[in-house]
Each structure stands twice: as C-alpha cells, then as structure tokens.
Amino acid sequence: MNEFKTMVRELHKAGIEVILDVVYNHTGEGNELGPTLCFKGVDNPTYYALTGTPHEPFRYYMNYTGCGNSMNLSNTAAIRFVMDSLRYWSR
C-alpha cells in the first residue's frame, strides 16, 4: 500500500491524474461453472445474486452484468464489503 501511495503522489507531482477503477457488480469467479476464487467459497448466497429451480435452489448466478455473476448488493454484508473497500481506497 505504501508503494502504491508513493506512486500516486509521484504521478500527481508530475501532473498525471490517477483513476482507480473498481468493480463491485461482479467478481472474477464467473458463473456456477467457474473457479472458486473469493466470495463463492466464503458465503455464496450472501455475496451473489442466485436463482435456481425447486430441485436445485440457489445454484445458478444471476447475470445482470454479462460477466456470469452479479453481486448481491441487497445484502448488508455485501454492502459493508463495498463500503469498507471504498473507504480503504479513498484514503
């Protein structure tokens, strides 16, 4: 983090603006066929918007983003993650 902050300061000194693009509407895990990289293995129904059938409830990911999964931003834990992350990166 210190190296990143130093880099940003030096870029600002050189007149270069820094834009940090963060994505909270999906993660890199993809759909139910993708690998387990982060939230899927921690608490799948908390962090992802899921759907399913009566035989396989909450197995399939909603795909509002075109990336295979959508974060469940109606859940307070998921919102807390986003807000904590935004606070972290805004310092």
Side-chain angles (χ1 to χ4, degrees):
M1 185 57 146
N2 288 334
E3 290 173 348
F4 181 80
K5 287 182 176 184
T6 300
M7 176 192 72
V8 170
R9 267 194 305 275
E10 294 301 315
L11 290 169
H12 284 170
K13 284 181 191 175
I16 299 170
E17 187 173 330
V18 177
I19 298 172
L20 180 62
D21 181 20
V22 293
V23 178
Y24 295 108
N25 62 349
H26 68 276
T27 66
E29 291 177 292
N31 63 17
E32 63 278 352
L33 302 174
T36 299
L37 302 172
C38 60
F39 298 119
K40 188 189 290 188
V42 173
D43 191 353
N44 204 35
T46 293
Y47 290 101
Y48 293 108
L50 302 173
T51 187
T53 67
H55 302 290
E56 293 179 329
F58 305 110
R59 176 172 180 224
Y60 299 100
Y61 292 77
M62 297 303 295
N63 187 9
Y64 302 123
T65 65
C67 297
N69 61 50
S70 296
M71 294 288 292
N72 183 12
L73 297 178
S74 65
N75 186 289
T76 56
I79 287 291
R80 187 176 311 118
F81 160 74
V82 169
M83 296 306 296
D84 287 348
S85 174
L86 288 170
R87 280 189 282 275
Y88 177 83
W89 286 110
S90 66
R91 295 188 222 168

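Each residue takes its place number in the sequence, starting with 1.
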Does a side-chain heavy-atom distance below 4.5 Å link [X] with [Y]?
X	Y	value
Thr27	Tyr48	yes
Trp89	Met1	yes
Leu86	Met83	yes
Tyr24	Ser85	yes

If hydrophobic clusters are built by linking Ile, Leu, Val, Met, Phe, Trp and Tyr wherever their side-chain heavy atoms come under 4.5 Å apart, do Leu37 and Val23 end up in the same one?
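Looking at the clustering, Val23 is in a separate group from Leu37.
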Using the rule that two of Ile, Leu, Val, Met, Phe, Trp, Tyr join whenever any of their side-chain heavy atoms come within less than 4.5 Å, decide whether Leu33 and Phe58 are in one cluster.
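Hydrophobic grouping puts Leu33 apart from Phe58.
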Could you go through residues 72-81 and list every donor-acceptor pair under 3.5 Å that involves a side-chain atom there, pairing it with any protein atom two or more places apart or in another chain?
unit_1: Asn72; atom_1: OD1; unit_2: Ser74; atom_2: OG; d: 2.7
unit_1: Asn72; atom_1: ND2; unit_2: Pro45; atom_2: O; d: 3.3
unit_1: Asn72; atom_1: ND2; unit_2: Thr46; atom_2: O; d: 3.4
unit_1: Asn75; atom_1: OD1; unit_2: Ala77; atom_2: N; d: 2.7

If you take all heavy atoms of [X] and [Y], which pair is closest and at what distance?
X	Y	result
Asn31	Lys40	O-NZ, 3.0 Å
Met71	His26	CG-N, 3.8 Å
His12	Glu17	CD2-CA, 4.3 Å

Leu50 CG to Tyr60 OH distance, which is reported to the nearest 0.5 Å:
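The distance works out to 11.5 Å.
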With a 3.5 Å distance limit and no angle check, can you tell me whether Glu29 reaches the backbone of Gly34 through a side-chain donor-acceptor pair?
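No.
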Give a yes or no on whether the backbone of Tyr64 and the side-chain of Ser70 come within a donor-acceptor separation of less than 3.5 Å.
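A pair under 3.5 Å: yes.
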